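Every chain is numbered from 1 and lettered A, B, ... according to where its sequence line falls, protein lines coming before strand lines. Given the structure is predicted, the values throughout are model-derived calculations rather than measurements.
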Protein chains: 2
Amino acid sequence: MAGLFRISEAVSIAFHGMGLLAVRGARMSGHEIANAICVSEAHLLKVFQRLARAGLVHSTRGPGGGFEITEDPRAVTLFRVYEAIEGTAECGVCLLGTTTCPFGRCIFGGETERMEKEFLDYLHRVTLADLSAKDEGGTNA
Amino acid sequence: MAGLFRISEAVSIAFHGMGLLAVRGARMSGHEIANAICVSEAHLLKVFQRLARAGLVHSTRGPGGGFEITEDPRAVTLFRVYEAIEGTAECGVCLLGTTTCPFGRCIFGGETERMEKEFLDYLHRVTLADLSAKDEGGTNA
DNA sequence: CATATTCAGGAATTATGGTACCTTTATTCC
DNA sequence: GGAATAAAGGTACCATAATTCCTGAATATG
């Protein structure tokens, strides 16, 4: 398994691709983006198709075409990118999927919910502009 | 989508099933456990098959048989249960799955890694005994 | 106008997770 | 001791989601 967060490769591609577009500040073709972040071009294209439908990027066909961010990167949160790919992110839903835990109360005492909220806050707080700004050199997480 | 953490239904069944066994302190059949926590008996059986192979429960066949926890519930962390189902939980791995981020550094600045570690710490810290003890009435998370 | 480039959309494929069913083991009751 | 029953083990199947592939449409350029 890959990680503890439910971040699909699609979302990761969206984060990295959008981050790259934000840094470059110019239109880039799907081919260029995929090469730059070392992912499958087919998959990236599919991901950007969704981002385009969500209005987060504008796409242009034909030679010299490609994708460009439609808004100021400082206004685009990771959450919006996440939602464009995965649909609505629910938080605080019982892991069992039942509305009432068979135990009568949540056996985790609400702590998992707290941590999910923390992650959600992070997605809401961080913008595409932040992705290029931060340079504290964390390892790959 | 269900939640932000990569908790499959299988892991959730394992947590709840083991929690129940810990509370009861006695052998229970798969049928009983599945009924108590309102999940598919077929799936629960498969999950417990893995828990048995991992040595976390002892299984007994035949009438009156079932599953029982092999160790003191205070000694069994959620992490061990998690690993028995999902395999090794990696933390701090780049969301893209590459060993070196194409950006040269992690674009998330290590914060996602920090949050993953926090969740991992939680799994390491909480034992089956804790699941039944906590009673602060959180909502279903 | 022909051609090359680039994205759009849907079809086909693959992978994953969950389900159903049959087999084996053990107990109980006659 | 044998038959019936209760229970877990194992395997094969199915459903859904994720990924790739293929064809078509749009646009720029010579």
From CZ (F108(A)) to OG (S12(B)), nearest 0.5 Å: 6.0 Å
Acceptor/donor pairs from residues 52-66 of chain A side chains to any protein atom, 3.5 angstrom cut, sequence neighbours excluded:
from: T60(A); atom 1: OG1; to: R27(A); atom 2: NH2; distance (Å): 3.3

Partners of N35(B) by side chain to side chain donor-acceptor pair (under 3.5 Å), sequence neighbours excluded? none
dA7(D) OP1/OP2 closer than 4.0 Å to side-chain N/O of S59(B): no
Using side chain to side chain contact (heavy atoms under 4.5 Å, CB included) as the criterion, list what pairs up with V11(B), not counting sequence neighbours. I7(B), S8(B), F15(B), Y82(B), I85(B), E86(B)
List for me each residue that meets ring pair (Phe, Tyr, Trp, His ring centres under 6.0 Å) alongside H124(B), sequence neighbours excluded, and say none if there are none. F79(B)
Expected string for nucleotides 24-30 of chain C under the B/S/- scheme (protein heavy atoms, under 4.0 Å, primed atoms plus P, OP1, OP2 as sugar-phosphate) is BBBB---
Proximity to DNA chain C (any heavy atom under 4.0 Å), residues of residues 23-35 of chain A only: S29(A), G30(A)
Identify, with sequence neighbours excluded, every residue that meets side chain to side chain donor-acceptor pair (under 3.5 Å) alongside T127(B). D130(B)
Return the set of residues passing side chain to side chain donor-acceptor pair (under 3.5 Å) with R80(A) (not counting sequence neighbours), or none when no residue passes. E71(A)
Where protein sits on nucleotides 14-22 of chain D, one letter per nucleotide: B base, S sugar-phosphate only, - none, heavy atoms under 4.0 Å: -----SB--
Looking only at non-hydrogen atoms, find the nearest pair between V81(A) and A14(A) and report the distance. CG1-CB, 3.6 Å
Rounded to the nearest 0.5 Å, what separation is found between the CD atom of E116(B) and the CZ atom of R6(B)? 9.0 Å
Run the numbers on Y122(B) and T112(A) for side chain to side chain contact (heavy atoms under 4.5 Å, CB included), then give the verdict. CA-CA 9 Å; Y122(B) 174 78; T112(A) 54; 3.9 Å; yes
Expressed in angstrom and rounded to an integer, what is the separation of L45(B) atom CG from dG10(D) atom P? 11 Å
In short, ring pair (Phe, Tyr, Trp, His ring centres under 6.0 Å) pairs touching residues 18-48 of chain A with sequence neighbours left out are F48(A)-F67(A)
Figure out the CD/C1' separation between E68(A) and dC7(C), and round it to whole Å. 13 Å
Taking only heavy atoms on the protein side, list every residue of residues 50-57 of chain B lying under 4.0 Å from any atom of DNA chain D, sorted numerically. R53(B)
Spacing between H58(A) atom NE2 and dC7(C) atom C1', to the nearest angstrom: 11 Å
Provide, to the nearest angstrom, the distance between the CG atom belonging to L44(B) and the C1' atom belonging to dA20(C). 15 Å
Does Q49(B) make a side-chain N or O approach to OP1 or OP2 of dA8(D) shorter than 4.0 Å? no
Quick one: list whatever passes salt bridge (Lys or Arg N to Asp or Glu O under 4.0 Å) with R50(A), sequence neighbours left out. none
Just checking F67(A): base, sugar-phosphate only, or nothing, at a heavy-atom cut-off of under 4.0 Å? sugar-phosphate
Should the pair R125(A)-E111(B) be classified as a salt bridge under the 4.0 Å nitrogen-to-oxygen rule? yes
Just the rounded figure in Å: distance from P of dA7(D) to CZ of F48(B). 15 Å
